[in-house]
2 protein chains.
Amino acid sequence: MEKVCVLGAGSTKYGKLEDSITDITLQASVDAIESAGIESKDIKAGYISNVFGVADKQVHLGPVVMSNLGISDRPSLSIESACGSGSVSFREAYANVAAGFYDVALVAGVEKVTHTGTEWTTTYFSYCSDFFYEGQSGVSFPGLFASMARAYMNEFKATEEDFAQVAVKNHDNGLLNPKAHLRKKITVDDVMSSAVVASPLKLYDCCPFSDGASSVILCNEKFAKDHGANYIEVMGSGRGGSSAALQGREHLTTIPSTKIAAEAAFKMAGITPKDVDFAEVHDCFTIAEIVDIEDLGFFEKGKGVEAVREGQTKLNGQISINSSGGLKSKGHPIGATGVGQIVEVFDQLTGKAGERTVKNAKIGLTQNFGATGASCAVHIFQSV
Amino acid sequence: MEKVCVLGAGSTKYGKLEDSITDITLQASVDAIESAGIESKDIKAGYISNVFGVADKQVHLGPVVMSNLGISDRPSLSIESACGSGSVSFREAYANVAAGFYDVALVAGVEKVTHTGTEWTTTYFSYCSDFFYEGQSGVSFPGLFASMARAYMNEFKATEEDFAQVAVKNHDNGLLNPKAHLRKKITVDDVMSSAVVASPLKLYDCCPFSDGASSVILCNEKFAKDHGANYIEVMGSGRGGSSAALQGREHLTTIPSTKIAAEAAFKMAGITPKDVDFAEVHDCFTIAEIVDIEDLGFFEKGKGVEAVREGQTKLNGQISINSSGGLKSKGHPIGATGVGQIVEVFDQLTGKAGERTVKNAKIGLTQNFGATGASCAVHIFQSV
């Protein structure tokens, strides 16, 4: 196996974007290529992460992206794993570079949905649940995560105010990220007084629907050494699954796929959760971040909420969680999200994170899941 | 690199199916698992090939498929590359097994669209073109392939009757395939008198929209030897790309991605086109099959039409092309198509092809592309 590096990273702003799905993918990819100091012709394959290309009338995005980059002869494909598509796409590119099939690959994640309106997005996103058991019964994702939140409150004496702290922290971080969707300072009171979406979750417990594109360039170590001054290494990569429907799980306060993926990634990296300096985790709802940081092993089960309460997950706290602002504030363009997490890790570990820099960070982790965690991928990176 | 084998294969009938997208995927996958003589728990990862899950309200198919197979903890993902999704999914699974990431993987291709009606399918399929240049101008796939057909007629003195011969041959083969969609003998006159869709292509020059699912089990050689009496080996695998829009190509009578993919696959296999006994090729329109068999090197450029005229591509002719009936008669459930081609090769090389058996066949090839060939994958298999 070859050692795999991330040589460049780029991203559009997340939010409501006017340009087409193909244009924003191109913008992020050109940024990544320039950041890597390579030319597009160095790229041997393209991995596109996207869920609802139909929303902007472009499916089969790969050849369009490659053609726009002037490398139409190169193979490409699109990967979908709901909200976890980005990290799964990265994993496939990683596997192919590690195995020596390509020396350089592009991973581009993108989503363009805000123009369709809330009814379209809510309906189509529900197709990412186990539709037979969940979506068609009217249970959409806020309801499913509300069930997890209620179970967590019952089991571990957490309060709605505790969940609100996650939103407040991530908005604080997002304020320092020029590319974040919701750059607005909020308070616990703001969260508590926002409209109830699915009790106990309120509007400010939920991430937004966003447009956006994020791209990274992967390569083997030889190429990285030859071409890039600033690159990071992939230390570990793991994937896992959970029952597609929430009703098939034994517990509502843990996501099995995260634990499986994390165990594999830590094993490959040869480190433990204590060695991680910062992490981008999947906070589609505030409760999710608390469950994530426990499943990843940063805190014991039931103790994640205490860590949040005590500010241990704030920027430059014990472990910085979602320095980018996370899905909650940075935004959640679903196909782009998992790739965007890796962009944040790249920026942090190569000194490009500006005001939101995690001090002395050497090791960063990303965790990104699909639906209620039916699929998950975890990646661990280190500076060189 | 590990040697990769196909240990089992299964398929639903192609056509208009009543069961849900998840049910037909399960049916084909259980068939493949039984054919392989393994248990579902032997499968370490699932690769789902699908384009329009939205049509049956189920995106994020991977975890649903894995949950239905009782292996919800295993990683899965969906891959889309338009009509070439199936062969690209196989390629990703191949790469992961070859690299040693998994010893056994499932590839399941599926599409369920006929219930949506022709307007929906035509509209949504046009999103697989380069929509900015093609789809939004009203150029759908019959029009694009008609341009290729017209160019081929001009350049190589082919006639509409020549194209019709492809349809007649593939219907003859499909009659021998119990799982084919259009099992109906047709004549050149039938083709010539069918409704004009996009001149010179008529209705019987076009493959149908189909529902269907096809699955295969891949594994490394050690697992195959330990578990299966009947398996085949992957000799070669190649991928390539072409300009997404047809207008970006230098010639209309060749598909660059096929040539690139075939060259890579033949190089890996260490054989030449002359060594191939039969091939499943992408005959979405009759003209496509003629272009394919030239681009794959079975016949010189401009000579494919003569081969068809002389019956060289008939079952047990010089080289049997589309013994299954091809997309034209067997049907074209887009996400399933490329996987279904591999099911046919498996059945042929393991003595399960019944009346349509290619005699003394040892080496079979599959070629499956997306859109007008913007993406393509070629795989070569041999009996053991």
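We use all heavy atoms of the structure for the numbers below, so side chains are in, but hydrogens, waters and symmetry mates are not. Throughout, a chain's letter reflects where its sequence line sits, starting with A, and its residues are numbered from 1.
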Undergrad: Between A:Gly46, A:Ser242, A:Ala98, A:Ala99, who has the most heavy-atom pairs with chain B when the cutoff is under 4.5 Å?
TA: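 Looking at each option in turn, the highest pair count goes to A:Ser242.
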
Undergrad: In terms of heavy-atom proximity below 4.5 Å to chain B, should A:Ser67 be classed as side chain, backbone, both, or neither?
TA: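 Side chain only.
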
Undergrad: Checking A:Ser129 against chain B: side chain, backbone, both or neither under 4.5 Å from a heavy atom?
TA: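 Looking at A:Ser129, just its backbone touches chain B.
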
Undergrad: Angle between ring planes, A:Tyr124 versus A:Trp120, binned at 30° and 60°: parallel, tilted or perpendicular?
TA: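 Parallel.
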
Undergrad: Under a 4.5 Å cutoff for heavy-atom pairs, which residue among B:Gln136, B:Arg74, B:Gln58 has the most contacts with chain A?
TA: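 Heavy-atom pair counts peak at B:Gln58.
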
Undergrad: Within a reach of under 6.0 Å around CD of B:Gln247, are more than 12 heavy atoms found that belong to other residues, nucleotides or ligands?
TA: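 Yes, CD of B:Gln247 has more than 12 neighbouring heavy atoms, counting only those of other groups under 6.0 Å.
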
Undergrad: Given the options B:Val54, B:Thr22, B:Ile48, which has more heavy-atom pairs under 4.5 Å with chain A than any of the others?
TA: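 That would be B:Val54.
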
Undergrad: Let me know if A:Val65 has heavy atoms under 4.5 Å from chain B in its side chain, its backbone, both or neither.
TA: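 For A:Val65, no heavy atom lies under 4.5 Å from chain B.
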
Undergrad: Chain B heavy atoms under 4.5 Å from A:Leu77: which part of the residue, side chain, backbone, both or neither?
TA: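 Both backbone and side chain of A:Leu77 come within 4.5 Å of chain B.
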
Undergrad: Considering residues, nucleotides and ligands other than B:Lys44, do more than 12 of their heavy atoms fall under 6.0 Å from its NZ?
TA: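 Result for NZ/B:Lys44: enclosed.
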
Undergrad: Would you indicate whether the side-chain heavy atoms of A:Thr122 and A:Phe209 approach each other to under 4.5 Å?
TA: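 They are in side-chain contact.
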
Undergrad: Please classify the contact between A:Phe125 and chain B as side chain, backbone, both or neither, with a heavy-atom cut-off of under 4.5 Å.
TA: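 Contact with chain B involves no heavy atom of A:Phe125 at all.
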
Undergrad: Taking the cut-offs as 6.0 angstrom to the six-membered ring centre and 45 degrees off its axis, would you call A:Arg239 and B:Phe101 a cation-pi pair?
TA: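 Judged by the rule, A:Arg239 and B:Phe101 form no cation-pi pair.
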
Undergrad: Using a 3.5 Å distance criterion without hydrogens, assess whether the side chain of A:Asp56 forms a donor-acceptor pair with backbone atoms of A:Ile21.
TA: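 At least one qualifying donor-acceptor pair exists.
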
Undergrad: Identify which part of A:Ser257 has an atom lying under 4.5 Å from any heavy atom of chain B, answering side chain, backbone, both or neither.
TA: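 Interface part for A:Ser257: neither.
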
Undergrad: Can you say whether A:Asn96 sits under 4.5 Å from chain B via the side chain, the backbone, both, or neither, judging by heavy atoms?
TA: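 Side chain of A:Asn96 only, per the 4.5 Å heavy-atom cut-off to chain B.
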
Undergrad: For residues A:Val378 and A:Ala261, report the shortest heavy-atom separation together with the two atoms involved.
TA: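 For A:Val378 versus A:Ala261, the nearest heavy atoms are CG2-CB, 3.8 Å.
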
Undergrad: Using modelled atom types only, decide if a donor and an acceptor are shared between the side chain of A:Asp130 and the backbone of A:Ala244 within a distance under 3.5 Å.
TA: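 Checked: no pair found.
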
Undergrad: Name the option with the most non-hydrogen atom pairs under 4.5 Å to chain B; the candidates are A:Ser76, A:Pro256, A:Ala377, A:Gly62.
TA: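 Maximum pair count with chain B is reached by A:Ser76.
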
